[in-house]
Amino acid sequence: MPAALPEKAVIACVHLLPTPGSPRYDGDVERIYTAALAETEVFLRHGVDALIVENFRDGPFHPGPVPPETTATLAAVAREVVRMAPVPVGVAVLRNDAAAALAIATATGASFIRVNVHLGAVLAAQGIVTGSGHETLRRRRDLGCDVAVYADVRVKHSRPFAHPDLQDEVRELSVYSDGVIVSGDLTGLETAPEDLRTARRATSGPILVGSGVTPDSLPDIYDAADAFIVGSYFKVDGRAANPIDEARVELLMKTVRACSSATAAATTAA
């Protein structure tokens, strides 16, 4: 069985610089390694619980399989991050290449992958993006790996063709994944507490928050979720495309510790 994330894990996004073959790649592959490992060092110093490596700056994204140079770059960087980090490391190959993500995780020793569209299909900026969970889970079995698959529900920047009801989608995804990711409509937008409560009514499995985690929003969602993926907030001015801002990393992790203490105190009082 896939290893579980730590309880109430903060998962920091390591957003790679544009990789070879993408429109904004500047020809300097060494910068990709240097920047990713520098971010990793900052995140680890402030006590994040897990990391996820993503080709976030490769847009416009392929709707399906990515080119081999993208897979190779992600694999090479992910392996370096895994070697450096004493915490679980994940992989996301955007927009939706679950096969590449699973292969990278298996080859690098990463612990989990994020899949934007695991089942069904959505309409997104890339066109129709179709899930391949039937292939992903069979490939995982054939590879004999224990990589966890965390699947997005109503993934950001899209509209679903099936499951107009959030609870129904969570219920089905929970059967065929190791946890579901609930997000806001767009990158950086807060995840609605009510959506988390709806998801919890549909599953007893792990629920991850996929967007909009900030020191202000965290107290309202802390008890309803099992893990928190943080990308935009950790960047300068809270903009996902910017470099990370160490002061923001420090502040969020302090807020996490405060929420943990408040929850423990409430439990003891009860």
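Under the 4.5 Å side-chain heavy-atom criterion for grouping Ile, Leu, Val, Met, Phe, Trp and Tyr, Leu16 is not connected to Val236 through any hydrophobic cluster.
One finds no salt bridge joining Arg139 and Asp142 here, because no Lys/Arg side-chain nitrogen approaches an Asp/Glu carboxylate oxygen to under 4.0 Å. Here Asp152 pairs with Arg114 in a salt bridge; the nearest charged N to carboxylate O distance falls below 4.0 Å. We find that Arg140 and Asp178 are joined by a salt bridge, their nearest charged nitrogen and carboxylate oxygen being less than 4.0 Å apart.
For Asn55 and Thr70, the side-chain atoms include no donor-acceptor pair closer than 3.5 Å. Counted by atom type alone, His62 and Gln126 present zero donor-acceptor pairs between their side chains at under 3.5 Å.
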>> As a quick check of understanding, evaluate side chain to side chain contact (heavy atoms under 4.5 Å, CB included) for Val10 and Val230, giving each step before the final call.
In response: CA-CA 7 Å; Val10 172; Val230 187; 4.0 Å; yes

> Stepwise, does the side chain to side chain contact (heavy atoms under 4.5 Å, CB included) test hold for Ser174 with Glu172?
Replying inline: CA-CA 5 Å; Ser174 297; Glu172 181 167 7; over 6 Å; no

> What do the steps show when you test Ile229 against Cys13 for side chain to side chain contact (heavy atoms under 4.5 Å, CB included), and what is the final call?
Replying inline: CA-CA 7 Å; Ile229 300 173; Cys13 296; 3.6 Å; yes

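The neighbour count for Arg239 CZ, taken as heavy atoms of other residues, nucleotides or ligands under 6.0 Å away, does not exceed 12. Surrounding CZ of Arg138 are at most 12 heavy atoms belonging to other residues, nucleotides or ligands under 6.0 Å away. Around atom CD of Glu7, no more than 12 heavy atoms belonging to other residues, nucleotides or ligands sit under 6.0 Å away. By the 6.0 Å contact criterion, OH on Tyr176 is open, its count of non-hydrogen atoms from other residues, nucleotides or ligands being 12 or less. Atom CZ of Arg201 has more than 12 heavy atoms from other residues, nucleotides or ligands within 6.0 Å.
Looking only at side-chain heavy atoms (C-beta outward), Leu251 and Tyr233 come within less than 4.5 Å of each other.
In this structure, CZ on Arg248 lies 9.5 Å from CG on Asn242, to the nearest 0.5 angstrom.
Between Ile32 and the choices Leu74, Asp26, Val77, the side chain to side chain contact (heavy atoms under 4.5 Å, CB included) rule is met once, by Val77. The only option from Val170, Asp226, Ile221 that meets the side chain to side chain contact (heavy atoms under 4.5 Å, CB included) definition with Ile207 turns out to be Asp226.
Annotation: cation-pi geometry satisfied between Lys8 and Tyr222 (NZ/CZ under 6.0 angstrom from ring centroid, within 45° of ring axis).
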